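Down below is the structure, laid out as structure tokens.
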Amino acid sequence: MGDNILPSALRIWEHCEALARCSEQEQRAASDLVLGWMRDAGMTAKLDEIGNCVGRYEGDRPGSPCLVLGSHLDTVRDAGKYDGMLGVVAAIECVHALNKQGKRLPFAIEVLGFADEEGVRFGCTLLGSRAVAGTFDPTLLEKIDHEDVSMRQALTDFGLDPAQISCAAHKRDDVLAYAELHIEQGPVLEAEGLSVGVVTAINGANRFLIEIDGMAGHAGTVPMNLRQDALAAAAECVLAIERRCASVPDLVGTVGELETLPGATNVIPGKVLFTLDIRSPRDAERLAAVADVEQAMQAICTRRKVALKINPTHEGKTAACAPWLMEQIGQAIAAQRLPVRELSSGAGHDGMALVDLTDIGMLFVRCKGGISHNPAEAITLEDVDTSARVFLRFIENFRPLNARS
Ligand code: HGY
Ligand code: MN
Ligand code: MN
């Protein structure tokens, strides 16, 4: 590595703490923090048309194609401090170290802090990264949140112009690759005593909003055999999903949200809404499971004389990481005299969208107990230091595919 200005693990740690103090309502405050850190690192920085934070560090020739780094700045409800944020602040810190050395590489670097990867508010994910990849679906602008606010209105309220979202798209020729540092959110690295790993692929996923319409009724008067109980039907569906998805290794199925209406002790539930998330490393297996689950739910609802509506809200095929990027990330790990462990990602990431624009690579960082999407999410300062050094080495030694002879 150059005259050794290393990324500061402590600054990365503190920046994650600062973002963690921003609540759900403070996206502007979080964006302002990130844009400020980008500028401190020697980057130009702005919010793009969908609300991504975009920092740019020119190469040795202005306007060169760029290596895109980054991750997402949004989280799930009641989340941890590192899912997404770590990747953004670590990338900024790597540029900070380059800038401190006055170092310019033969390519530009863009650091992106993506808006809305998780899809918590509107149920559809990868919004910021899809806008960058040029694949954002404008019909999603009509999606509404739990307060009946449309995505279009929410973007306008945030000071953005939804009609300009297509301007956030990057041109394929302007991007050399995308690389993301992210916590593993699983137990493999910790179980093997490893601090970092190279991602091989991001598992594909289908998400749905399921509606079951039965008949609300008096809890005291309707005999059991005459009920059209939407919640009892949903409960049977949930167990059918669990049974089918437990039948195949690496296949997972989750019902994360469930709402019962009208929601009163003495009323038989007339309507139930629940979410469904099915994933697998193998697309054919995921799609077979989706078909089987749909068939099973339909049979349950027909038998119980309730109506079933299956609303797809997201589909992402398995996104393979590019072998040439895996090799360069692996070389950066090996240069730190660490074992190179390759593993797939059960969690979804922005690379599932960026893969439509450019080749993708990911560096995983160990997290305690593999816990994530939970305030107990935890990493060590030592692993922050190790992963940031690996990431900086990857960046400094990055060779675009066409430059490799
Ligand atoms: O759902 C996921 O896997 C990611 O955290 N968005
Ligand atoms: Mn997440
Ligand atoms: Mn994430």
Side-chain angles (χ1 to χ4, degrees), residues 16 19-20 24 30 34 52-53 69-91 111-130 132-133 140 178-189 197 199-209 245 250-257 275-281 283 286 312-319 321 343-355 360-379 387 391:
C16 287
L19 287 174
E24 191 175 328
V34 170
N52 298 318
C53 292
L69 310 171
S71 191
H72 57 97
L73 289 170
D74 64 312
T75 71
V76 296
R77 280 193 194 88
D78 207 17
K81 299 173 182 173
Y82 308 105
D83 173 11
M85 277 72 70
L86 178 67
V88 179
V89 298
V111 177
L112 301 183
F114 293 114
D116 210 324
E117 181 265 357
E118 299 284 4
V120 169
R121 184 167 177 183
F122 297 101
C124 34
T125 74
L126 308 174
L127 298 179
S129 41
R130 285 207 163 127
V132 168
L140 296 178
Y178 172 69
E180 179 170 353
L181 179 151
H182 199 291
I183 53 170
E184 179 200 338
Q185 299 177 295
V188 173
L189 292 175
V199 178
T200 57
I202 306 168
N203 291 357
N206 284 83
R207 288 189 186 181
F208 303 89
L209 176 65
C245 293
D250 301 330
L251 176 68
V252 288
T254 311
V255 173
E257 292 180 67
T275 58
L276 172 57
D277 176 317
I278 293 182
R279 310 188 195 197
S280 166
D283 289 340
R286 168 173 53 85
T313 53
H314 167 75
E315 175 160 8
K317 52 188 185 310
T318 293
C321 293
L343 67 165
S344 74
S345 174
H349 301 286
D350 287 299
M352 298 173 91
L354 270 291
V355 76
I360 65 169
M362 286 192 75
L363 174 68
F364 262 176
V365 188
R366 166 172 48 190
C367 59
K368 194 165 178 310
I371 297 170
S372 184
H373 285 190
N374 180 321
E377 197 174 82
I379 53 176
S387 58
F391 208 48

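For clarity, every value in this text was computed on a predicted model and none was experimentally measured. Indexing begins at 1, ligand by ligand and atom by atom, following the structure's order. Atoms considered below: every heavy atom in the structure, side chains included; atoms not considered: hydrogens, waters and symmetry mates.
Across Leu19, Leu112, Val89, a single residue satisfies side-chain contact (heavy atoms from CB on, under 4.5 Å) together with Leu73, and that is Leu19.
Vertex the Mn ion (ligand 2); arms to His373 atom NE2 and Glu118 atom OE2; angle 110° (nearest 10°).
Distances from the Mn ion (ligand 3) show that His349 has no N/O/S atom below 2.8 Å. At a cut-off of 2.8 Å, Asp83 is counted among the residues with an N, O or S atom near the Mn ion (ligand 3).
Distance check, rounded to the nearest 0.5 Å: CG of Asn206 to CZ of Arg279 gives 10.5 Å.
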Item to complete: Given side chain to side chain contact (heavy atoms under 4.5 Å, CB included), test Val199 with Ile360 step by step and report yes or no.
Response: CA-CA 10 Å; Val199 178; Ile360 65 169; over 6 Å; no
Practice prompt. Check the pair Val252 / Cys245 against side chain to side chain contact (heavy atoms under 4.5 Å, CB included), numbers first and verdict last.
Written response: CA-CA 5 Å; Val252 288; Cys245 293; 5.8 Å; no
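Ligand 1 has an N or O atom lying under 3.5 Å from an N or O atom of Glu117, backbone or side chain. For the pair Glu118 and ligand 1, the shortest N or O to N or O distance falls below 3.5 Å. Where the criterion is an N or O separation shorter than 3.5 Å, residue side chain and backbone included, Gly348 meets it with respect to ligand 1.
No hydrogens or angles considered: nothing links the side chains of Thr254 and Asp277 as a donor-acceptor pair under 3.5 Å. Residues Asp83 and His72 bring a donor and an acceptor atom of their side chains to less than 3.5 Å of each other.
Annotation: side chain of Glu184 is in contact with side chain of Leu343 (closest heavy-atom distance under 4.5 Å).
For atom 1 (O) of ligand 1, the closest non-hydrogen atom of the protein is Arg279 NH2, 2.8 Å.
Within the structure, ligand 1 has His373 among the residues with a heavy atom less than 4.0 angstrom away.
Neither the backbone nor the side chain of His349 has any atom closer than 4.0 Å to an atom of ligand 1 (non-hydrogen atoms only). For Arg207, every heavy-atom contact with ligand 1 shorter than 4.0 Å involves the side chain, none the backbone.
The nearest pair of heavy atoms linking Tyr82 to Glu377 is N-OE1, 2.8 Å.
Ligand-side atoms of ligand 1 in range of Ala347: 3 (O), range being under 4.0 angstrom from any heavy atom.
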